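In what follows, a structure is listed as structure tokens, so that the remarks can point back to it.
FYI, the numbering just counts along the sequence from 1. Every number for a ligand or one of its atoms is a count from 1 in the order of the listing. Remember, it's a predicted structure, so these values are computed and weren't measured experimentally.
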Amino acid sequence: MSEPPAPPPGGMQRPIGVFDSGVGGLTVLRALRAALPAESFLYLGDTARLPYGTKSEHTVARYALQAADELVERGIKCLVVACNTASAAALPALQQRFGELPVVGVIEPGARAACAASHSGRIAVLATESTVRAGAYTRAIARLRPDAEVRAIACALFVALAEEGWTEGAVARAAAERYLAPLRMAEAAAPDTIVLGCTHFPVLQAVIAAAAGEHVRIVDSAATSAAQVRSQLAARGLLLPAGAVPAGVRFLATDAVSRFAAVGGRFLGAPIAADDVELIDL
Ligand code: DGL
């Protein structure tokens, strides 16, 4: 018989659930903790099945539903899909499945950040193959800014580099230059904004910025996603009072717990103790 799920961190205090294929979503968790310091969080990294970005939409949607079910069973009060690939493949299905539970994806907030940053309306999206194929950013940006010109580039290797911790140095620089080569054109025609459409990519921001050139602004979805979570919780009266003592963050990983803790600290901006990471099977 399988063990009953662990109670939510903080006893009766219901955490906000956050998931990604691996450690990338920790860049979103970092922004969530900054925006919602009184809240507790339960983070799931589906490390056994990473990467999601090279898989079919059907497979990613199935994985996303399993990860979300696990978090919902553990009593979360809100679900943050901190993975662009899963948001592109499964957000409507997740929203439908959980009815009243607020479910927030990262694509619409990322598109919003890009539209706010861009003067010219020429926006480049760097994302996984699956997100690019789904066209989710192109549609989200077009809804917000119909005159925008969007160019999406699949950058699969960035996920491996980020997971490996190779975020600077010759290999990361060469990958960034190669992926961004199609954007090298006369400034009058080039995108003025790049949106990092994968939650693994913010740790590569420095090499991406160097390859893009100084006239290009780089944004991601972390802060705008956190603001959206905050407003959805507030609208439903689910926000904890500012003075509440947070029960902290607990982590679940489907494989390689000690690696998750070691690599994850760089994405979260704070160390993760291996004891705070529970190995689970989905
Ligand atoms: N972090 C995920 C995203 O935002 C994808 C990484 C992967 O390919 O698993 O798209």
Can you label the angle between the Tyr52 ring and the Tyr63 ring as parallel, tilted or perpendicular, going by 30° and 60°? tilted
Geometric class of the Tyr43/Phe260 ring pair [parallel <30°, tilted 30-60°, perpendicular >60°]: tilted
If the cut-off is 4.0 Å to any non-hydrogen atom of [X], which atoms of ligand 1 fall inside it?
{"X": "Pro51", "answer": "7 (C), 8 (O), 9 (O)"}
{"X": "Tyr52", "answer": "7 (C), 8 (O), 9 (O)"}
{"X": "Ser21", "answer": "5 (C), 6 (C), 7 (C), 9 (O)"}
{"X": "Thr85", "answer": "3 (C), 5 (C), 10 (O)"}
{"X": "Asp20", "answer": "1 (N), 2 (C)"}

Are Arg62 and Glu57 close enough for a salt bridge, meaning some N to O gap below 4.0 Å? no
Test: Arg173 and Glu168 ion pair at under 4.0 Å: no
Atom CZ of residue position Arg230 - does it have more than 12 heavy atoms of other residues, nucleotides or ligands inside 6.0 Å? no
Please name the residue in the list Val219, Ile208, Leu204 that meets the side-chain contact (heavy atoms from CB on, under 4.5 Å) test with Leu196. Ile208
Let me know which of Leu252, Thr47, Ile272 forms a side-chain contact (heavy atoms from CB on, under 4.5 Å) with Val277. Ile272
When you compare ligand 1 with [X], is there at least one nitrogen or oxygen pair between them that comes in under 3.5 angstrom?
{"X": "Thr54", "answer": "no"}
{"X": "Gly53", "answer": "yes"}
{"X": "Thr128", "answer": "no"}
{"X": "Thr131", "answer": "no"}

May I ask you to identify the nearest protein heavy atom to atom 1 (N) of ligand 1, giving residue, atom name and distance to one decimal place in Å? His200 ND1, 2.8 Å
Answer yes if the side chains of Ser221 and Thr224 hold a donor-acceptor pair under 3.5 Å, and no otherwise. no
Side chain, backbone, both or neither: which part of Cys83 comes within less than 4.0 Å of ligand 1 when only heavy atoms are counted? both
